[in-house]
Protein chains: 2
Amino acid sequence: MLSQKTRYAMVALTRLAREYGQGAMLISELAKSERLPQRFLENILLELKKMGILGSKLGKSGGYFLLRHPKDVNLAEIVRQFEGPIALLSCVSEKAYQSCEFCKDETACNIRKVFKEIRDLTFEKLENATLEELIREHAHGVLGG
Amino acid sequence: MLSQKTRYAMVALTRLAREYGQGAMLISELAKSERLPQRFLENILLELKKMGILGSKLGKSGGYFLLRHPKDVNLAEIVRQFEGPIALLSCVSEKAYQSCEFCKDETACNIRKVFKEIRDLTFEKLENATLEELIREHAHGVLGG
DNA sequence: ACTATGTTCACCATTTTAGTGTACATTTGT
DNA sequence: ACAAATGTACACTAAAATGGTGAACATAGT
């Protein structure tokens, strides 16, 4: 299961995506309106700023805002940052690969095959999940789900 | 990422699946030959026994053995037991569903849609990964992956 | 009875999670 | 220049999860 931190990050980002182009939003307002713990949220927003996803302004009428276009931020990047590798086994991770301590021959390992398929499918779904997609209403039409 | 416990369970099970029908295997032999920490493995085997997957025999020539046919044990069951829910968000979990604290309308939530798809694909892959599949050599043929 | 095995249950150290406390730096309005 | 409103930095903490270990016990076979 995803950590609270990751969930809060996704909630905050989708909200800031909805406000995209409308200037900065106060942490306090974001926290209150999305029901996020403010002090914890501060850490998260800072981390997103360091990733180059958010910008901030100090002083009166300051706050946070999305730097990139919502179509240029996807969940794969967010999940990697806050959860670590997308893969369930390091032997199938792209960014954090480590050879398996049990396999003599990884290419022949069927456990690995299963988790490689899961990783690839998961990554694809997360990568296609841009903030633009996430804030779109009726994303796949009312009929046909 | 999966915990060590889950990984050890998968290694132990695939080994016991290879020995299926050949009587009991000593914990010590299993631990040594698969390079698993014996004392930790004991806990894991006991848990698998309580799940009804393994049987055991005490005394001389005792040990553990697979109770069910390898085709009747799959990774979904194992992962659920040792990792908890397969879903990454509880709002898309089948066995551990909890309503989302952020959504007014879950059916309209696009974040949820993404993680529901990921859960369903992951579950399907894990469910199809029976021990029989996992110990099969050249599971999908040498050509064509 | 003896020995080889699994069983039970409590315990432990380390890491991760989900935050909080306190002080500081920057910008804006007056 | 100054005050107020904001974000920034970094250390700290409580609770839970992870990855085990210790010690005594129960049972089966010889």
Side-chain angles (χ1 to χ4, degrees), chain A residues 1-12 16 23-32 34-67 79-85 88-90 96 101-102, chain B residues 1-12 16 23-32 34-67 79-85 88-90 96 101-102:
Chain A
M1 306 268 287
L2 298 183
S3 65
Q4 292 286 68
K5 203 172 183 183
T6 307
R7 297 175 60 218
Y8 294 163
M10 294 192 300
V11 171
L16 290 172
M25 184 174 194
L26 290 181
I27 298 181
S28 55
E29 192 190 336
L30 181 54
K32 195 176 174 193
E34 300 294 331
R35 289 182 287 182
L36 303 167
Q38 175 163 346
R39 292 298 318 280
F40 195 23
L41 179 61
E42 288 173 16
N43 301 337
I44 294 168
L45 295 176
L46 213 46
E47 207 166 333
L48 289 166
K49 180 183 175 178
K50 283 175 183 155
M51 292 170 71
I53 291 176
L54 298 182
S56 65
K57 264 182 67 184
L58 287 178
K60 214 158 199 168
S61 79
Y64 275 96
F65 50 90
L66 197 60
L67 271 182
V79 168
R80 272 219 185 95
Q81 177 70 26
F82 291 97
E83 291 292 312
L88 292 173
L89 295 175
S90 34
E101 64 202 284
F102 299 115
Chain B
M1 305 267 290
L2 299 183
S3 65
Q4 292 284 69
K5 203 171 183 183
T6 306
R7 297 174 60 219
Y8 294 163
M10 294 191 300
V11 170
L16 290 172
M25 185 175 194
L26 291 180
I27 297 181
S28 56
E29 192 191 337
L30 181 54
K32 192 175 174 192
E34 299 294 331
R35 289 182 289 181
L36 302 168
Q38 175 164 345
R39 292 299 317 282
F40 196 23
L41 178 61
E42 288 173 16
N43 302 336
I44 294 168
L45 295 176
L46 213 45
E47 208 166 334
L48 289 166
K49 180 183 176 179
K50 284 173 183 158
M51 293 171 69
I53 292 176
L54 298 182
S56 66
K57 265 182 67 182
L58 287 177
K60 212 158 201 167
S61 80
Y64 275 96
F65 51 91
L66 198 59
L67 270 182
V79 168
R80 271 218 186 94
Q81 176 72 23
F82 291 98
E83 292 291 312
L88 293 173
L89 295 175
S90 33
E101 64 202 284
F102 298 116

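Excluded from the calculations below are hydrogen atoms, water molecules and symmetry mates; all remaining heavy atoms, backbone and side chain alike, are included. Proteins come first, then strands; the chains are lettered A, B, ... in the order of their sequence lines, and each starts at number 1. This is a predicted model, so every value here is computed, not measured.
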Pair B:Leu16-B:Met25, side-chain contact (heavy atoms from CB on, under 4.5 Å): steps then yes or no: CA-CA 8 Å; B:Leu16 290 172; B:Met25 185 175 194; 4.0 Å; yes

Using the side-chain contact (heavy atoms from CB on, under 4.5 Å) rule, take A:Leu30 and A:Tyr64 through it: C-alpha gap first, then chi angles, then the decisive distance, then the call. CA-CA 9 Å; A:Leu30 181 54; A:Tyr64 275 96; 5.7 Å; no

Measure the CD-CG distance between B:Gln38 and B:Leu36 for me, rounded to the nearest 0.5 Å. 10.0 Å

In whole angstroms, how far is the [atom2] atom of [N] from the [atom1] atom of [X]?
{"X": "B:Glu47", "N": "C:dG6", "atom1": "CD", "atom2": "C1'", "value": "16 Å"}
{"X": "B:Leu36", "N": "D:dT21", "atom1": "CG", "atom2": "P", "value": "12 Å"}
{"X": "B:Leu41", "N": "C:dT7", "atom1": "CG", "atom2": "P", "value": "12 Å"}
{"X": "A:Ile44", "N": "C:dT17", "atom1": "CD1", "atom2": "P", "value": "13 Å"}
{"X": "B:Met1", "N": "D:dT18", "atom1": "CE", "atom2": "P", "value": "14 Å"}
{"X": "B:Gln81", "N": "D:dT18", "atom1": "CD", "atom2": "P", "value": "13 Å"}
{"X": "B:Leu16", "N": "C:dG6", "atom1": "CG", "atom2": "P", "value": "11 Å"}
{"X": "A:Phe65", "N": "C:dT27", "atom1": "CZ", "atom2": "C1'", "value": "13 Å"}

So if I take every side-chain heavy atom of B:Asn43 and compare against D:dG20, D:dA9, C:dG19, which nucleotide ends up nearest? D:dG20

Does the pair A:Glu34 and A:Val11 meet the rule for a side-chain contact (heavy atoms from CB on, under 4.5 Å), with working shown? CA-CA 7 Å; A:Glu34 300 294 331; A:Val11 171; 3.6 Å; yes

Heavy atoms only, 4.0 Å cut-off, all strands: where does A:Phe82 land among base, sugar-phosphate and nothing? nothing

Could you list the donor-acceptor pairs under 3.5 angstrom formed between side-chain atoms of residues 42-60 of chain A and any protein atom two or more places apart in sequence or on another chain?
{"residue": "A:Glu42", "atom": "OE1", "partner": "A:Arg39", "partner atom": "NE", "Å": "3.3"}
{"residue": "A:Glu47", "atom": "OE1", "partner": "A:Lys5", "partner atom": "NZ", "Å": "3.2"}
{"residue": "A:Glu47", "atom": "OE2", "partner": "A:Gln81", "partner atom": "NE2", "Å": "3.1"}
{"residue": "A:Lys49", "atom": "NZ", "partner": "A:Ser56", "partner atom": "OG", "Å": "2.8"}

Check whether any side-chain heavy atom of A:Met10 sits under 4.5 Å from a side-chain heavy atom of A:Leu2, and report yes or no. yes

Sidechain N-carboxylate O distance under 4.0 Å for B:Glu83, B:Arg7: no

Taking only side-chain N and O atoms of A:Tyr8, does any of them lie within less than 4.0 angstrom of OP1 or OP2 on C:dG19? yes

I'd like a list of close polar pairs between nucleotides 6-8 of chain D and the protein, N/O only, cut-off under 3.5 Å.
{"residue": "D:dG7", "atom": "OP1", "partner": "A:Ile27", "partner atom": "N", "Å": "3.1"}
{"residue": "D:dT8", "atom": "OP1", "partner": "A:Lys49", "partner atom": "NZ", "Å": "2.6"}
{"residue": "D:dT8", "atom": "OP1", "partner": "A:Ser56", "partner atom": "OG", "Å": "3.0"}
{"residue": "D:dT8", "atom": "OP2", "partner": "A:Tyr64", "partner atom": "OH", "Å": "2.1"}

